[in-house]
Participant: 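If you scroll down you'll find the structure; I have some questions about it.
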There are 2 protein chains.
Amino acid sequence: MINEFDLFKDFLHQQKLRWTPQRKMILDIFLSFDGHVQIESLYEKIRVQDPSIGIATLYRTLKLLVDCELVEAHSFQNGKKTYERMFHVRHHDHLICTSCGKTIEFEHPLIEKYQVEICEAYGFTLKSHKMELLGICNNCRMKNNNPPFL
Amino acid sequence: MINEFDLFKDFLHQQKLRWTPQRKMILDIFLSFDGHVQIESLYEKIRVQDPSIGIATLYRTLKLLVDCELVEAHSFQNGKKTYERMFHVRHHDHLICTSCGKTIEFEHPLIEKYQVEICEAYGFTLKSHKMELLGICNNCRMKNNNPPFL
DNA sequence: CTGGTTGCAAAGGATTTGCAAGTTC
DNA sequence: GAACTTGCAAATCCTTTGCAACCAG
């Protein structure tokens, strides 16, 4: 089965770049995280294994991982970037209760289909999407004595 | 009819802050833009009217506008922020180029309809939603010499 | 060996902050 | 007049870059 290391190696080879111990280690540690990873946490954990590694190498490697589509970068308000694993993970959307925080994951094939159509209409190549439905769950509605479907 | 100026004034008053000509002017010019505004464009246009205004004042005012929920801030890959009007605008979703940050607003009635269905299926009362389609715009794809719809 | 890679430190760009002078209430 | 604001410049934060020494192929 294809794994991230082989994909990255192949990518580097194609681009006439090199497979180095630093790159291997960064990918390795990156994969040990779940969800969105901040440079900071990544760097800390990396330095435990090899305190000599430079932050520049981390940034450079992350950029390569983004280029080969193994990783996706996101930006947040605070100006920090977050990196997310993109391979061997299944996409899903979220239904979130704004009262208790309860979260349900779902997918809807038709919505996904329309998303593709919209992107094509605007000349975009769709890479991913994020959809959050915010509402009040049954439980919380009962508790607060609100009528259903307010 | 309630407008942004009154809301902002009230907000400032509540917080024991002051209504100044600079703040008025920044809000005024901000509202003259559509969609997502970059600090840069905003600052340029502001300096036309008053070249003495400092960038720090612009940042400070924008932060206040975000605090009082008249404006929403978004962040992009390039590390720049974008500001979006949040009041008296119809809800819409976003198509975002993850490379250059270009943003297109759209709505799709069928997607909205399915969202309601999903919520009903799970017993949620839908309050709002957020959908972002992340991709690469035509321009950036060309620039990077990538084939279309890779 | 050749050309890519590294760690370091310095540079860069966007945003924030300290401060003295100026305003608002 | 007290407290908040301003513009300025310097500081800060995260990220990128230049470079000489170092490695992978």
Side-chain angles (χ1 to χ4, degrees), chain A residues 5 8-27 29-30 36-44 46-68 71-83, chain B residues 5 8-27 29-30 36-44 46-68 71-83 98-101:
Chain A
F5 292 94
F8 193 30
K9 252 190 257 186
D10 285 355
F11 170 82
L12 292 173
H13 195 250
Q14 272 172 31
Q15 313 273 317
K16 304 206 186 315
L17 304 177
R18 282 163 194 175
W19 177 241
T20 67
Q22 288 90 336
R23 288 179 180 167
K24 177 182 187 316
M25 179 201 238
I26 289 172
L27 176 52
I29 294 187
F30 174 78
H36 292 244
V37 189
Q38 298 207 187
I39 288 274
E40 229 180 323
S41 336
L42 205 44
Y43 193 50
E44 272 172 29
I46 286 168
R47 290 192 78 108
V48 173
Q49 273 192 236
D50 177 358
S52 75
I53 218 160
I55 188 95
T57 302
L58 177 52
Y59 276 107
R60 286 188 279 231
T61 303
L62 247 6
K63 184 165 284 172
L64 289 171
L65 287 168
V66 170
D67 284 350
C68 77
V71 169
E72 213 174 80
H74 306 277
S75 298
F76 291 109
Q77 306 302 84
N78 53 12
K80 288 186 187 178
K81 279 184 191 166
T82 249
Y83 295 85
Chain B
F5 292 94
F8 193 29
K9 252 189 257 185
D10 286 354
F11 169 81
L12 292 172
H13 195 250
Q14 272 172 28
Q15 312 274 315
K16 305 205 185 313
L17 303 176
R18 285 164 191 174
W19 176 242
T20 66
Q22 288 91 335
R23 287 179 180 165
K24 177 182 186 318
M25 181 201 235
I26 289 171
L27 176 54
I29 294 188
F30 174 79
H36 291 245
V37 188
Q38 300 206 185
I39 289 274
E40 229 180 322
S41 334
L42 204 46
Y43 194 47
E44 273 173 27
I46 286 168
R47 290 193 76 107
V48 172
Q49 273 193 235
D50 176 357
S52 76
I53 217 159
I55 188 98
T57 302
L58 177 51
Y59 276 107
R60 286 188 278 230
T61 302
L62 248 5
K63 185 164 285 171
L64 289 172
L65 287 168
V66 169
D67 285 348
C68 77
V71 169
E72 213 174 79
H74 306 278
S75 299
F76 293 108
Q77 304 302 86
N78 53 12
K80 287 187 188 177
K81 278 184 193 167
T82 248
Y83 295 84
T98 54
S99 172
C100 67

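Chain letters run A, B, ... following the sequence lines, proteins first, then strands; residues in each count from 1.
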Participant: For the NE2 atom of His36(A) and the NZ atom of Lys81(A), what is their distance to the nearest 0.5 Å?
Facilitator: 15.0 Å
Participant: Which is more 5' along DNA chain D, the nucleotide nearest Pro51(B) or the one nearest Leu12(B)? Just name the residue.
Facilitator: Leu12(B)
Participant: Does anything in residues 15-22 of chain A come within less than 4.0 Å of DNA chain C? Heavy atoms only, and list the residues if so.
Facilitator: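 Per residue number, the list reads Lys16(A), Leu17(A), Arg18(A), Thr20(A), Gln22(A).
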Participant: Report all side-chain donor-acceptor pairs from residues 50-63 of chain B shorter than 3.5 Å, counting only partners two or more places apart or in another chain.
Facilitator:
unit_1: Asp50(B); atom_1: OD1; unit_2: Ser52(B); atom_2: N; d: 2.9
unit_1: Asp50(B); atom_1: OD1; unit_2: Ser52(B); atom_2: OG; d: 2.7
unit_1: Thr61(B); atom_1: OG1; unit_2: Thr57(B); atom_2: O; d: 2.8

Participant: Could you check how far NZ of Lys81(B) sits from C1' of dC13(D), rounded to whole Å?
Facilitator: 11 Å
Participant: Kindly indicate whether the side chain of Val71(A), heavy atoms from C-beta on, has any atom under 4.5 Å from the side chain of Phe30(A).
Facilitator: yes
Participant: For the pair made of OH in Tyr83(B) and P in dA14(C), what is the distance, rounded to whole Å?
Facilitator: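 Atom-to-atom, Tyr83(B) to dA14(C), this comes out as 13 Å.
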Participant: Using whole Å, what does the distance between atom P of nucleotide dG7(D) and atom CZ of Arg23(B) come to?
Facilitator: 11 Å
Participant: Round to a whole Å and report the spacing from CZ of Arg47(A) to P of dC8(C).
Facilitator: 7 Å
Participant: OH/Tyr43(A) to CD1/Ile29(A) distance, rounded to the nearest 0.5 angstrom?
Facilitator: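 The distance works out to 12.0 Å.
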Participant: When you measure from every atom of DNA chain C, which of residues 52-64 of chain B have a heavy atom less than 4.0 Å away?
Facilitator: Ala56(B), Tyr59(B), Arg60(B), Lys63(B)
Participant: Using 0.5 Å steps for rounding, measure from the CD1 atom of Ile26(A) to the OG1 atom of Thr20(A).
Facilitator: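 One finds 7.5 Å between CD1 of Ile26(A) and OG1 of Thr20(A).
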Participant: Tell me: CD of Glu40(B) to C1' of dA14(C), nearest whole Å?
Facilitator: 10 Å
Participant: CG of Leu64(B) to CZ of Phe8(B): how many Å apart, nearest 0.5 Å?
Facilitator: 5.0 Å
Participant: Kindly calculate the angle separating the two end axes of the helix from dC1(C)-dG25(D) to dC25(C)-dG1(D), each obtained from five base pairs, and round it to 10 degrees.
Facilitator: 40°
Participant: Rounded to whole Å, how long is the line connecting atom NZ of Lys24(A) with atom P of dT5(C)?
Facilitator: 18 Å
Participant: Checking Gln15(A) now: which residues fulfil side chain to side chain contact (heavy atoms under 4.5 Å, CB included) with it, not counting sequence neighbours?
Facilitator: Phe11(A), Leu17(A)
Participant: State the CZ-NZ distance between Arg23(A) and Lys9(A), to the nearest 0.5 angstrom.
Facilitator: 14.0 Å
Participant: Kindly compute the distance separating CZ (Arg18(A)) from NE2 (His13(A)), expressed to the nearest 0.5 Å.
Facilitator: 10.5 Å
Participant: Between atom NE2 in His74(B) and atom C1' in dT15(C), what is the gap in whole Å?
Facilitator: 18 Å
Participant: Rounded to whole Å, how long is the line connecting atom CD of Gln38(A) with atom C1' of dC14(D)?
Facilitator: 12 Å
Participant: For Gln14(A), which residues count as a side chain to side chain contact (heavy atoms under 4.5 Å, CB included) partner, sequence neighbours excluded?
Facilitator: none
